[in-house]
Protein chains: 2
Amino acid sequence: MSQESAAEFPETSFEKAEIGSARPDMEPASGMPGLGPARQVNLRELVYDQLKDAFMVGYFAPGDYLNLRELADRFETSITPVREAVRRLVAEGALIDAPGRALRVPPLRRAHLIDLRQARIGIESMITEMAVARATPHDLDALGSILDGAVSKNPKTPIDELTSNRKFHFSLYGIGGSPTLFRFVESLWLQYGPFLNLIHYTIDPDIRGSHKDHRRIIAAARDGDALAAKQALVADISRSFDILDAYTQDSAD
Amino acid sequence: MSQESAAEFPETSFEKAEIGSARPDMEPASGMPGLGPARQVNLRELVYDQLKDAFMVGYFAPGDYLNLRELADRFETSITPVREAVRRLVAEGALIDAPGRALRVPPLRRAHLIDLRQARIGIESMITEMAVARATPHDLDALGSILDGAVSKNPKTPIDELTSNRKFHFSLYGIGGSPTLFRFVESLWLQYGPFLNLIHYTIDPDIRGSHKDHRRIIAAARDGDALAAKQALVADISRSFDILDAYTQDSAD
DNA sequence: TTCGTGTAAGATATCACAAATAACATATCA
DNA sequence: TGATATGTTATTTGTGATATCTTACACGAA
């Protein structure tokens with residue numbers, strides 16, 4: 001963690017849990033069908049979830065180094081759960097094994113950005129098409145109310161924006177009904193997260209356009225127009241990456 | 001490991017290493033250009049690679065339970081590296097956390113099969129299209145020689161077939177040049193592997209058709225005909241899954 | 001049936017080790 | 001004499017092994 005932007009981890013755990021529940025479960029709930037999942041939380045998952053949130057809101061910057069003992073101190077656990085959480089992040093591409101056994105957030109590279117963008121467009125288009133095909137009117141109402149809630153919320157911090165943006169997208173993707181693709185999208189967002197750090201929470205100007213795209217997606221879904229929905233989605237994703245264009249002159253590691 | 005099909009792990013490590021090297025690296029080689037990367041191999045990766053191979057050739061069956069201590073004994077390590085390797089497999093969807101802290105190969109479910117199939121078709125089509133756009137004549141010659149080598153090899157065990165099939169596909173996908181999508185495909189194949197166990201290495205009759213599809217992909221790539229390449233690919237993937245149709249009456253867990 | 005108890009297995013903490021890096025000191029050359 | 005190179009030591013940090021803890025499940029007695 002060479003260049004952290006904040007002294008503390010963002011406190012988005014509760015939001016995250018809510019988003020996580022949108023994940024389409026392939027397996028039936030392990031507990032009683034009606035009751036909540038009541039999943040037993042172990043330290044490993046606790047640490048992972050917090051790190052995941054940290055990544056998604058751009059807490060870490062590309063190129064940052066992570067330190068197991070430091071993280072363990074921060075989470076007040078031993079390094080064992082941290083190690084396992086970190087290993088999972090490596091598997092998901094959010095971290096890489098750097099030379100010298102070091103753990104590093106992948107540094108900014110133009111090729112990486114291009115790769116991520118095309119993967120996001122391809123996979124999220126697929127899942128959006130599936131969502132349009134499967135969405136019930138009730139689903140779309142729920143999606144709309146996420147947007148409504150986002151605009152009504154008054155103290156709109158940039159993290160609030162990020163969170164509600166994430167909530168919209170993942171709710172949409174949950175409707176798609178593909179746990180496999182859903183997982184891949186999570187991995188993509190995890191990899192994209194650190195780039196948010198570069199723009200230091202100064203994305204407000206573009207949020208409006210994002211909201212418009214989201215509305216267009218819902219409207220297209222109501223018409224069953226998958227193509228229009230995908231076009232709006234691609235516009236939304238492209239905007240996210242275009243903001244980064246100014247930073248894309250491959251910074252020296 | 002409730003119902004294992006063999007007493008020992010398949011010895012495909014060397015094949016695997018070769019395939020693994022096809023992964024398109026985003027980072028430049030860390031060492032001297034001419035010299036080998038000399039990457040230090042740790043136990044965690046050793047165990048992971050072997051487990052990965054075991055999954056890919058159908059050593060484990062859907063629904064099997066894994067046991068950390070048993071695996072540690074088998075690999076002659078402590079449970080720590082095994083644990084980390086297993087955790088990675090969980091992250092990749094090859095294993096799931098089952099009730100009671102158990103580790104389980106996902107049981108066969110029709111919905112899962114359908115999901116995997118559409119994800120494979122979608123993502124591998126994308127990457128194939130990219131490969132067709134980027135492939136050099138030399139690349140295509142190399143691909144062709146993989147097929148030639150596969151047919152010439154005389155003692156053709158089913159595992160040989162699987163290995164060369166895998167080699168062809170991943171070489172093709174490596175040409176695509178997308179590390180992100182490449183990783184997703186690996187995850188998909190990892191999830192598909194256990195289904196191979198169900199058909200107990202009796203896939204010979206269909207291998208011929210597979211070879212024909214592979215030839216068609218190469219030919220289409222030579223013509224720059226991405227659509228034709230994708231059609232052949234989809235036919236190939238569909239065949240893989242069609243073989244499983246007979247087993248798809250959702251076995252009781 | 002119900003409650004308790006034993007056992008098995010994963011989860012966590014801790015210890016020991018090795019590799020890598022940095023800091024410092026010493027040597028060599030211009 | 002000053003600057004660069006090289007060797008040595010100390011510290012950091014990930015890795016692997018082991019001990020301990022907790023939980024889930026099975027079995028048996030009341």
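Small disclaimer: the values here were computed from a predicted structure and weren't measured. Numbers restart at 1 for each chain; the letters A, B, ... are given by sequence-line order, proteins then strands.
The separation between A/D73 atom CG and D/dT12 atom C1' is 14 Å, rounded to whole Å. D/dT18 atom C1' lies 14 Å from atom CD1 of A/I79, rounded to whole Å. In this structure, the CG atom of A/L66 is 9 Å from the P atom of D/dG14, given to the nearest Å. Between the C1' atom of D/dG14 and the CD atom of B/E84 lies a distance of 10 Å, rounded to the nearest Å. Note: CZ (A/R44) to P (C/dT12) measures 6 Å, nearest angstrom. Put simply, CD1 on A/I96 is 14 Å from P on D/dG14, counting in whole angstrom units. Rounded to an integer number of Å, the gap from A/F75 CZ to C/dA13 P is 13 Å. The CG atom of B/L68 sits 14 Å away from the P atom of D/dA17 (whole-angstrom rounding).
Between B/F170 and B/Y173, the ring-plane angle classifies as perpendicular under the 30° and 60° cut-offs. Under the 30°/60° scheme for interplanar angles, the aromatic rings of B/Y192 and B/F241 are found to be tilted. Between B/F60 and B/F55, the ring planes lie tilted relative to each other; the angle falls in the 30° to 60° range.
Picking from C/dA11, C/dA9, D/dG14 the nucleotide with the shortest atom distance to the side chain of B/N67 gives C/dA9. Considering only the side chain of A/T77, C/dA13 comes nearest among D/dG16, C/dA13, C/dT12.
B/D160 and B/T163 form no side-chain donor-acceptor contact under 3.5 Å, judged by distance and modelled atom types alone. Counted by atom type alone, B/T80 and B/E84 present zero donor-acceptor pairs between their side chains at under 3.5 Å.
Comparing B/G100 and A/R69 against DNA chain D, the residue whose closest nucleotide sits nearer the 5' end is A/R69.
For C/dA11, its base never sits under 3.5 Å from the side chain of A/T80 at any donor and acceptor pair. If you check distances only, the side chain of A/R83 never reaches the base of D/dG14 with a donor-acceptor pair under 3.5 Å.
Distances shorter than 4.0 Å separate none of the side-chain N or O atoms of B/R101 from OP1 or OP2 on C/dA11.
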